[in-house]
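Everything on this sheet refers to the single structure shown next.
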Amino acid sequence: MEGTAWTDERLDDLSKTIAAGFGRVDEDVRELRGEVHLLRSEMNARFDTLQGTMMRFGGGFLVGLVGLIGAVLLPG
């Protein structure tokens, strides 16, 4: 099997091709990071809403439980 001769021009072409490929990968990674950042922000907003709902439900449940205990324990 014979070796392939690499001329300076062919090496320059290879270098340009590789650099262009890395440029595309870099652009894709930056775009993906932006999408992940946006998704993370949306998820945080949803978790904040869920936490508020859970706090309101828990508070209402606690008030109801205290009222029930009071009604059962207090002579009436």
Side-chain angles (χ1 to χ4, degrees):
M1 179 184 283
E2 287 186 34
T4 304
W6 287 89
T7 62
D8 287 343
E9 291 80 21
R10 287 187 69 196
L11 288 173
D12 289 342
D13 289 343
L14 177 63
S15 176
K16 289 176 187 174
T17 302
I18 290 173
F22 277 116
R24 286 190 305 269
V25 169
D26 186 47
E27 183 179 328
D28 289 347
V29 168
R30 288 179 194 272
E31 183 179 328
L32 183 60
R33 283 182 181 165
E35 291 173 6
V36 167
H37 180 69
L38 179 62
L39 180 61
R40 183 177 291 167
S41 296
E42 290 175 3
M43 286 178 55
N44 283 340
R46 288 181 178 190
F47 282 131
D48 289 343
T49 302
L50 177 62
Q51 183 181 13
T53 301
M54 290 173 65
M55 293 296 289
R56 283 190 296 278
F57 177 77
F61 181 77
L62 185 61
V63 167
L65 184 61
V66 168
L68 179 63
I69 292 170
V72 169
L73 293 180
L74 292 178

Partners meeting side chain to side chain contact (heavy atoms under 4.5 Å, CB included) with Met43 (sequence neighbours left out): Leu39, Phe47
Linked hydrophobic residues, Val36 as query - side chain contacts closer than 4.5 Å: Leu32
Using a 3.5 Å cut-off and no angle test, enumerate the donor-acceptor pairs between side-chain atoms of residues 8-22 and protein atoms at least two apart in sequence or in another chain.
from	atom 1	to	atom 2	distance (Å)
Arg10	NH1	Ala5	O	3.2
Thr17	OG1	Asp13	O	2.9

Fellow cluster residues of Val25, listed by chain then number, with links counted only when side-chain atoms sit under 4.5 Å apart: Val29
Contacts of type side chain to side chain contact (heavy atoms under 4.5 Å, CB included), residue Leu38, not counting sequence neighbours: Glu42
Residue pairs, two or more places apart or on separate chains, that pass salt bridge (charged side-chain N to carboxylate O under 4.0 Å, His left out) and touch residues 25-35: Asp26-Arg30
Salt bridge (Lys or Arg N to Asp or Glu O under 4.0 Å) against Arg46, all qualifying residues, sequence neighbours excluded: none
